[in-house]
Amino acid sequence: MKRVAIIGAGTMGHGIAQVAAVAGFGTRLTDADTEALPRALERVRTNLAGGVGRGKISQDAADAAIERLQIADTVAEAVRDADLVIEAVVEDLSVKQALFAEIEPLIAEDTVLATNTSSLSIAGIAESARVPHRVVGMHFFNPVHIMKLVEVVTHDAADPAVVERVRDAATRMGKDPIVVRDSPGFASSRLGIALGLEAMRMVEEGVASPEDIDKALELGYGHPMGPLKVSDLVGLDVRLRIAEYLHRTLDAPHFAPPEILRRMVEANTLGKKTGKGFYPWQTKESS
Ligand code: NAI
C-alpha cells in the first residue's frame, strides 16, 4: 500500500491523515465541509510542531509528512489512485453506506475500504457495498497521533488478506493493532462506554466530583486517564450516539444514556471541542 485517502477531517480524520503521512503514505484528506480542511491542516501542523519540540519526530520528517499530506476538494479527487480509503465521517450508518456507495465506482478492485466507526456494524456498512469483502473496520483512538491502539474489525464476508493488509498498514502507521470480530462496540467501545456512562451516573447522583471519580480509576486501578476526561476528549455527542446504539443493539440497561449526558449534549457542552464538558478546556490544541 502506498496511497491513503481519508474522508472526514474532524477530530479523527486529521489525526489519521497525520499518522499516514508520517508513515510515508501519499495521503489525501477531504471533508464535505471545506472549512474543516484548513483547520485540519493547522491541527496537523500544530501536532507535528509539538512532536518536534518534544523530540518525538525530527523537523525534516515533520516537513516531509506535511509535503505528503494533500487536501482534496472532492471525494473523487481524494480517492483517486488510493490503495486504502479510510472514512472518518459522522457516526451514522446511512451516511457511511452512502459514502462507500459513492466511492466504489471511483476506485480499483483491490482498493481497501476501511471505516473508523467506533461502534456501528462493519457487516452492516459492508452489506451495502458492491464488493463487501474489501470493507473492514479500522478503529483508531483519540488523539490518533498519540494512542497506539487500532482495532481492525473483521466480519464474516471480509477477505482475510484484506484484514492482513489493514493490520500491516496500521503497524506502518506506528500502531499496535488488534483484530476483533464485528460485534457491537467491538472490544474497546463496549468497555469504555460502560465505564463512562457509569461515571456520569455517579456525577448525576453526586457520589463525587468528576475529578475525584476520574482519580478513583487513575490512582486506584492505574488507568492513565479517568472515564470522564476520556469522554470530554472523545466528544460527548459522539459518546451519546454510541451509547444509544449499544443500548439498542445489546439491549442492556447499563448502556441507557444518563440524563446528564443528554442535557450536556443539548446544551452543546460537548467536551474539549467546545471548550467545556465535565471539565473546562482551553480551545487551543494542547497536544
Ligand atoms: P467529527 O465531527 O470531529 O468529524 C467528522 C467530519 O466528517 C466533519 O468534519 C464533517 O464535516 C465530515 N463529514 C460528515 N459527513 C461527511 C461526508 N458525507 N463526506 C465527507 N465528510 C463528511 O467526528 P469524529 O469525532 O472525527 O468522528 C468521526 C468518526 O470516527 C465517527 O464514526 C466516530 O464514531 C469515529 N471515532 C471517533 C472517535 C473520537 O474520539 N471522536 C474515536 C474513534 C472513532
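Atoms within a ligand are numbered from 1 in the order they appear, just like the ligands themselves.
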(request) Please determine if Arg165 and Asp83 form a salt bridge, counting it only when a charged side-chain N lies under 4.0 Å from a carboxylate O. (result) no
(message) Regarding Arg130 and Glu109, does a basic nitrogen lie under 4.0 Å from an acidic carboxylate oxygen?
(response) yes
(message) Testing the 3.5 Å rule here: is there a donor-acceptor pair between the side chains of Glu77 and Thr30?
(response) no
(request) Classify the ring geometry between Tyr279 and Trp281 as parallel (under 30°), tilted (30 to 60°) or perpendicular (over 60°). (result) perpendicular
Quick one: table the atom pairs, ligand 1 N or O against protein N or O, below 3.5 Å, distance rounded to 0.1 Å.
{"unit_1": "ligand 1", "atom_1": "3 (O)", "unit_2": "Thr11", "atom_2": "N", "d": "2.9"}
{"unit_1": "ligand 1", "atom_1": "3 (O)", "unit_2": "Thr11", "atom_2": "OG1", "d": "3.1"}
{"unit_1": "ligand 1", "atom_1": "9 (O)", "unit_2": "Asp31", "atom_2": "OD1", "d": "3.4"}
{"unit_1": "ligand 1", "atom_1": "9 (O)", "unit_2": "Asp31", "atom_2": "OD2", "d": "2.6"}
{"unit_1": "ligand 1", "atom_1": "11 (O)", "unit_2": "Asp31", "atom_2": "OD1", "d": "2.6"}
{"unit_1": "ligand 1", "atom_1": "21 (N)", "unit_2": "Ala32", "atom_2": "N", "d": "3.0"}
{"unit_1": "ligand 1", "atom_1": "26 (O)", "unit_2": "Thr11", "atom_2": "N", "d": "3.3"}
{"unit_1": "ligand 1", "atom_1": "26 (O)", "unit_2": "Met12", "atom_2": "N", "d": "2.8"}
{"unit_1": "ligand 1", "atom_1": "30 (O)", "unit_2": "Asn116", "atom_2": "ND2", "d": "3.0"}
{"unit_1": "ligand 1", "atom_1": "32 (O)", "unit_2": "Val89", "atom_2": "O", "d": "3.2"}
{"unit_1": "ligand 1", "atom_1": "32 (O)", "unit_2": "Glu91", "atom_2": "OE1", "d": "2.5"}
{"unit_1": "ligand 1", "atom_1": "32 (O)", "unit_2": "Lys96", "atom_2": "NZ", "d": "2.8"}
{"unit_1": "ligand 1", "atom_1": "34 (O)", "unit_2": "Glu91", "atom_2": "OE1", "d": "2.8"}
{"unit_1": "ligand 1", "atom_1": "34 (O)", "unit_2": "Ser118", "atom_2": "OG", "d": "2.6"}
{"unit_1": "ligand 1", "atom_1": "40 (O)", "unit_2": "Asn142", "atom_2": "ND2", "d": "3.4"}
{"unit_1": "ligand 1", "atom_1": "41 (N)", "unit_2": "Val234", "atom_2": "O", "d": "3.1"}

(message) Do the side chains of Glu87 and Lys96 get close enough for a salt bridge, i.e. N-O under 4.0 angstrom?
(response) yes
(request) Determine, using the 4.5 Å side-chain heavy-atom cutoff (strictly less than), whether Ile242 and Val89 are members of one ILVMFWY cluster. (result) yes
